[in-house]
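Working notes for the structure below.
Computed over heavy atoms, backbone and side chain alike; hydrogens, waters and symmetry mates excluded. Numbers restart at 1 for each chain; the letters A, B, ... are given by sequence-line order, proteins then strands.
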Amino acid sequence: MSAVTDVRRRGGRASMVGSGLLVVAVLVLALWVPYNVSLGTLSSLVGLFVLVILGTTWNLMAGYAGMVSIGQQAFIGIGGYGVIHLADAVGLPVLGAVVAAAVVCGAVAWATSFLVFRLAGGYFAIGTWVVAEVVKLLTTQVDALGGGSGLSLGAFQGADRVARVATVYWLGLTLAVVVVLATFALMRSRVGLGLTAIRDDPTAASGLGVPVDRSKRIVYVASSAGVGLAGALTALNTLRVTPDSIFSVGFTASMIFVVLIGGIGTIEGPIVGAVVSFVLQDRLADLGSLYLVVLGVVAIVVVLLAPRGLWGLVTRVTDVHLFPLVHTVRREASED
Amino acid sequence: MEAPLLRVEHLAKAYGQVVTARDVSFDVAAGEALGVVGPNGAGKSTLLNLVTGTARSDGGTLLLDGQDVTRWSAPRRSAAGVGRSYQVPRPFAGMTVFENVLVGARFGGGHGGREARRLAIDALERTGMAHLANTPAGRLRLLDRKRLELARALATGPRLILLDEIAGGLTDAELPELVALVAELRDAGLAVVWIEHIVHALLQVVDRLMCLALGDVVAIGDPATVMRDPRVVEVYLGSTVDPGPAAAS
């Protein structure tokens, strides 16, 4: 009767190769790209890292915890304003200001969670948007934050342009890698197991001992802090924030686009989605508003033909998992 | 005589005008199985929701091992040893069968990684589901979904297990296996509360029987006596009491 049972949590050989390629891609981005592309391209690549962070954090909430927020631009704004204010007015070093801005985002998310968590489903989505609008309106009322006209970053003044762009580029790449790996670690932990259960059936999860509200709050705070990093990065890259630009609901639209295109509920999906979204943005920049039409068409086509996103297509034909989460039980009859 | 594991006192719950529990009192000891019967709408599933904490009672007290748990959340009660299966299975469809059970072992059971994995596999083996460990739970057929309900609850290491119509849909060949499993749990010292329409299966295991109707306890006590009680018979008029295996369809 007895069987040797072993639980594994890693992909097969193809997955190892895939993970290896991903590491190579990151190394190329870190060590080769900065010395071989124009400053303008380097600066626009920061947009890719921002998209990776936004997609990964939105997926963490929607794909793993079932919370569809359309108000995450609140934390882009707080991150963006936060980094400039903390660097210029408070005098923190830039890296410290980025981290501190993310912490502020986490704190604001924690406080507002008690408000928006009273709402479910579509009401939650609208509620988060309302919070974002309120944060934006409050920001325009504060003179120290530039009122309606926003803030410009002074910390980099006098710095060499090449050094500045390179610093922001490497910071962006580092933050994107950290956010993806942190998400992976979270999803492999006990919290991640509980979150996946909550996504599938919160009532059953609660009955099996999963602290539903606490788990959701952890995700909301962590995800919003991550979005704060993306906001800080955006502000460092553009050197300027205005209420209308940095609190734009367009950020949340691109988070949703990235996640839908790439594949919801996977770590790989948002990365794929971010790359596709970035390439489209780059290639179609000259089209003006027609660009939005193309985005819409792409979204519709992908949702119709590949409801689980582009990464869903990959896992359907291959067994590649760059970030393996699934448990595989292997049973072999014992020798005795 | 030690205190009962679960004591329910004057439990009350109404959804608007619909009373689903009106002054319900009963207790179950460790190592005892209590059967619950009653027509549809009697408040049987609501009773389980109140005991697990999925629903909040309007009044009354719940004591688990002498401790007042009336205001405890569902996860806290799970950790304290309350496990249940749902009448309509609620699998975590996107997770494998093993991961479904692992949730119970890690959270309700409160065990660390290695021990939780061992308990999860143990629960799968006890319920005959080990060969399905890597199957996505969303792909299970109904019968296996019901088994999964039981496996998940067992993985939490419950002291009290609440079973909601787990026999429905089983074939005559599978029924004895299930009955044996429930008897085994009871004999291992668990307190069992089992709601079931297939009365002949129920009567093979339970030590006492409770009949509910419209939120009231109609009768509780020795199963044979309860089944003969004129009030119970009256409650069942218009529906059928299944008297024995011969009548099983």
Check this for me: [X], atom [atom1], are more than 12 non-hydrogen atoms of other residues, nucleotides or ligands nearer than 6.0 Å?
X	atom1	value
W72(B)	CH2	yes
R308(A)	CZ	no
R214(A)	CZ	no

Taking V329(A)'s backbone N and O only, do any of them form a donor-acceptor pair with N134(B)'s side chain (distance below 3.5 Å, no angle check)?
yes
Most heavy-atom pairs under 4.5 Å with chain B, out of V212(A), T328(A), I198(A), belong to T328(A)
Report yes if the side chains of Y86(B) and D201(A) come closer than 4.5 Å at any heavy-atom pair, otherwise no.
no
What closest approach, in Å, do [X] and [Y] show between heavy atoms, and which atom pair accounts for it?
X	Y	value
G209(A)	S78(B)	N-OG, 3.3 Å
E99(B)	L325(A)	OE2-O, 3.9 Å
D200(A)	M95(B)	OD2-N, 3.6 Å

Highest number of heavy-atom pairs under 4.5 Å with chain A: which of [options]?
options	value
A116(B), A79(B), A74(B)	A74(B)
G94(B), A133(B), G109(B)	G94(B)
R77(B), R90(B), R76(B)	R90(B)
L102(B), V82(B), T54(B)	L102(B)

Can you tell me which portion of [X] sits under 4.5 Å from chain A's heavy atoms? Options are side chain, backbone, both or neither.
X	answer
A80(B)	neither
R106(B)	both
T156(B)	side chain

Please assess F107(B) against R190(A) for the test side chain to side chain contact (heavy atoms under 4.5 Å, CB included), listing each intermediate value before the final yes or no.
CA-CA 8 Å; F107(B) 287 90; R190(A) 182 171 179 267; 3.6 Å; yes
